[in-house]
Amino acid sequence: VVLSLIRPFTPVSGAVLVIAIAGLIRSLLNRNSYEIVLASFALLFLLVLGIFGAWKSRKLKSMEPGWKPPSPMTANAVDDERQRALVTGLEAAIPLFFRLHFYISGRFFPGGLGAKKGCHLSVETAIPRGETTAQIPFDFPMSGVFQGDGFCKLRDIFGFFAFPCGQIRHSTVNVRCAPCFGKKIIINAQSGAEDQRNKPSADVERYYQREYTPGDRLRDINWKSSDKIDALITRISTDNQEKVSRIEVHFRNFGYANDSIHALWLLDRSKARLSYFLRSLLDQNSSFIFDVHSSGKNWEIEDQDDMDAFFEELACLSFVPPQNEAAIQSGAGDMYVFSTACDLMLPTFLLSCNPRPVTLFLTQPGDSTANYGKNMQTSSNDSPGSRLKKEKTNKDNFEALHIQDFVSKGFYPPSRWFIKQKIKPLSIQTEKIEMFYAEIKI
Amino acid sequence: MKKSSTFLFCLRLFFYFSVIALILIHPGVTVSFDRIGIVQWFLIIPLMAVLAFIPEQKIKRRTRVILSSSLLLLLSITAGGFNFNAFAPLAAGLISFTLTYLLFNRKPIFSRLAKITAIEPFFLAWVGLRLLSLSRSGEDIAGQSIALTQLMLVWTAVVFLFHNVIIYLCLYPDSRIKAWKEGLVFSLSALAVLIVVLFVLPADFVRNTVITNLISERIPQKISQSDADRGLLQRGKGRRTRPKNEGKGELRGMSEYNWPGRGDGSEERRQYMVMIVASDREPVYMGNVFNGQLDPVKGFLANQNEPLNDLANQRFFVTWFSNDQEHDIGRKKQEVFSLSTLHQKYLPYRPIVIDPVILSDDTGPLRYIHQVVSNTHLGDPLMLVHKSSRPFTALEKSALAAYLEIPLEEDDKKLFEEYLHNARLMWRSDRNEIINGDPYLSSIFSGQTEKDQSVKGEGGNEQLENIIALLVSFSKYQYNLNPDDDHSIAALKDFITNSNEGDCVEFSNTLALLGRLAGIPSRVVTGYLAAENLQTEAHIRGLAILRNKLPVLQQFPFENLFMVTNLHSHSWTQFFIPDYGWLDFEATSFSMPPMGMGDFNNWDVVIPLFDEKQTFSNVKKFPWRAVVKAVINLAILALICAYALRYGRELILYINSRRASRDIRSRTRSLYLLLLARLAADGQPIKPASKTATEYSQLFRGNEDASCFKPFAEIYSELRWRQFADPAEMETRFKELKKEYHEILTATRRKGLHRWFIRIISLRGLAYL
């Protein structure tokens, strides 16, 4: 009962209450009339405002406000509209000197629910009197999972009271990583990654060909095959002329550093790189099929719907402890590996891939100058100038997470995030390697 | 949203000024702000707020920081100098800037921090409460504050609540929609409450326990020994073992409600308690008037430009600190607390910290609490006779020139010089006999051994020798209470030549005059003397009773308390001694003591007797004069602000339109706004915010000066919105615009002296803010 009485008080009204009570006691002892008047007025004002607010909030108890985050929810949305959640169901008459406030409060787990504690998020908006819908700032600086409640409070414009009202709506939101952009990825369809589905020998003649239909050009007729199968057949294929390619992708979210924001940021950037890779390739050629392997889970992505579903799951992927993986199946074609500097088993994995060509996309911490170019594969023919240029380009292409972004978006970042934790860069050898640098700015 | 922010900012500034301005008009605050205070409260704080308020789009972050910090530093140092005094304005400016920036620059990163601005209303409310408490600092002040007090009471609450609303609306900009309705309702309610308060609350409700002395003199009752014994220290313990002065006066008491105030009680041979002084050193010479100006007829008069005289009469809003460096040797801090029946301050020389006067409710007629810290001279100043003296430097001579002036008639001067000569002669000739014959002098000169010889070798302390010679010369003069405070030259002449009898007034004034003739800068100080040897048994018994009754006195050791009565009102001489500064000298030290009932130590001592009951005054009258005064003052202030705003804005727009460094678009805009403001001042229609310049020219058409505005509007629109490939063309068009501007003003200007006057005083241009 005491808590329910105290809860509506804000720090301002708490201070006013304490000062007014102290003033009233003192003034009664001193027989100080103006202090008696002022203290009584302050107490009376608080009492009236409190009673009225409590009564009104009780009337609004059955209100069911809803909140809907933008879909899909992407971190660091550029578009202003996509940084806001829509609040609905606010049909209630609000008295003068009062406003309805909508709050979203909960815990955000960067990099997925694997993160131990996450950080608290609380955002708030005041709804003008008479409005039934509103928008509330709702944005995240990196990918992860948000679990929180949306609820209303009735506040007076003097800043004295905040009465809870209406129903609480719980929700879980997967936050996709913010997009990243890099150089265009081109994969040669003639590589070993082409479609290896076997065709029956009887169909060989028909493969890439079809029967003649009136209107086809005569020169397209394959007279030799037509003679063989005793029917007019043209060189016009019903199948797409391009070869279907299957691209094998390994997303390595191995690591121990589940509670380190530095590690989680590397994972987020690795996810962003993977997303960009998949999206850009699918945009290039819709016939690509991606086999994505992650820790204990595989996906086959054929179209945009598959990709959307994959991105939703990717948002929740957090670090898993390194494990002994089965030997890589022998197969043809390139392998694309996305990993972070936290992946200590990566060199072993790369060795096991031999002799398949591997392209590694490695996300490294970028705040150590010593790292620039250290692990970058450079040929001995590179001149010092070009090497410097390469390093500079990498410096400029940093993707930085600003801790202040958490604060500005309504988060309460835990203090442990401000303590830098060192992540060891890996020593790796592979045929093609692309380094990405990500850093934290506090 | 931008306009509403500006409105909220102006409102916030208005509330700030309204509260600070109340300090200016409050009758309880005679000197409200010193130079630093004025710069801090009226310049730095608003200026920093304005600089912090300017939107990000109009000023670069770096420019804002450089401009604000340099202005703040400059103003703080100008006001406070290169020392600690500059800290307060600096801190105030920083706070003002930070809070305004947090409140109005709605960057997401600051949204949470901005909530600390909730402290602002508390500060303004504190000022309001403080002023209300000052309204009770005296009967006269309470009387003068009638109605203003009621206004302040309501205004404090209104400012607190409204300021909270401003902060809320700034923190949640979405909630500003339709908020004007609530503002209107709140303002009307506040007005209604004010009217109710003005009529319902008694006019002098704030006076409380301030007593009106309607009952004439009553005979004080005797206080029996047993009443006082409870609090009286046992003899033989502590410093105060027994009264130094064995007076025969009795202790009497009088109800606090019948307390007569500052009567002299001479007819009844009674002395009335004036104050109780607490100090760990004695005697405490507490001066109120410093008389350094010698008039050839009237004698010593108060210096017009003496800061100490101002200081003693000022009422402080906050604690006063001395900014002067301490150069004098031998001074030590002395804290003097006094519980007084008088609101005037009495300051031991040299005050360094003075607290505002506190009105105490529980101490009856002793309702004023004064606290002063002074750097007082340690020990008897006559002991400096052992120290070698030095002549005055040129700087000292020029600074002390006023205290060396002797504008006497030739005859008068001759008379006093003769007296001085004789006194010196007597001292030189009979020095050893005089010293040996007087125990006090013997104690002073007891250390006159080898060291003294060396002093003599250096010439000795000529000034102190002269002062002692003069003091000793008074040994043939009789001290007697004299109700007449005549200190004219004629009275002094009569004192030394004829009557040879007087009280502290005659002695101190004569000593100061003779000192000047001897080349020592001098002045006469009047005030009260608290000393152990003025405490008779009746005083000590009274002290014990009052200490027992008043908890505020129990914080001090009993031996540090001194009762001061109306007969301890005193006059003494201050001489300026090089390296030691102004020192207090007791002119009556060697005079013949009074006898019998002439010795006021034999008079009865009257103290107030406390009663738990309190009475509230029932006087009910509406203080129209004070209300009108307050309203007029506020209106004048508002008017001054409005004109400052109008002319300041027009000046800025004019400068902006002329500045070649600005781009033409912004110069065009400035010129346009200036034209609108000037047309409005001349009675032309106000342009609605929704209308463009061209649309406004159509509005103008209904007027006789119609067609002249259209070309200006066209050029203005072109300059404002068209992309010019050639900057020279743009420049040409701008020149044409300026020409049009002048033509419009000439064409639309209405003739006649009254129109000119209206143009000067009109505030219609403020509609475009």
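Order of the sequence lines fixes the chain letters, A, B, ..., with proteins taken first and strands second; residue numbering starts at 1 for each chain.
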Atom group of B:Phe162 that falls short of 4.5 Å from chain A, counting heavy atoms: neither
B:Asn164 side chain to B:Phe160 backbone, donor-acceptor under 3.5 Å: yes
Side chain, backbone, both or neither of B:Ala179 within contact of chain A (heavy atoms, under 4.5 Å): both
Need one label for A:Ile127: side chain, backbone, both or neither, based on atoms under 4.5 Å from any heavy atom in chain B. neither
Do A:Lys153's NZ or CZ and the ring of A:Tyr103 fall within the cation-pi criteria of under 6.0 Å and 45°? yes
Does any N or O in the side chain of A:Gln167 come within less than 3.5 Å of the main-chain N or O of A:Lys61, such that one atom is a donor and the other an acceptor? yes
Against chain B, work out which of A:Asp156, A:Leu100, A:Leu96, A:Val407 has the most heavy-atom pairs shorter than 4.5 Å and name it. A:Leu96
Using the side chain to side chain donor-acceptor pair (under 3.5 Å) rule, take B:Arg176 and B:Ser4 through it: C-alpha gap first, then chi angles, then the decisive distance, then the call. CA-CA 8 Å; B:Arg176 292 177 198 172; B:Ser4 64; 3.0 Å; yes
As an exercise: rank B:Lys115, B:Lys181, B:Glu182 by heavy-atom pairs under 4.5 Å with chain A and give me the winner. B:Glu182
Residue part contacting chain A, namely of B:Leu129, when any heavy atom lies under 4.5 Å: both
Choice from A:Arg155, A:Glu131, A:Glu124 maximising heavy atom contacts with chain B below 4.5 Å: A:Glu124
Pick one of side chain, backbone, both or neither for A:Glu35, based on which atoms fall under 4.5 Å of a heavy atom in chain B. neither
Under 4.5 Å to a heavy atom of chain B? For A:Tyr412 that would be both
Toward chain B, the part of A:Phe97 with a non-hydrogen atom under 4.5 Å: both
Reported CG-to-CG distance for the pair A:Leu38 and A:Leu43, which is rounded to 0.5 angstrom: 11.0 Å
Measure across A:Pro70 and A:Ala85 and return the closest heavy-atom pair with its distance rounded to 0.1 Å. CD-CA, 4.3 Å
Check whether any side-chain N or O of A:His120 sits under 3.5 Å from a backbone N or O of A:Gly106 as a donor-acceptor pair, and report yes or no. yes
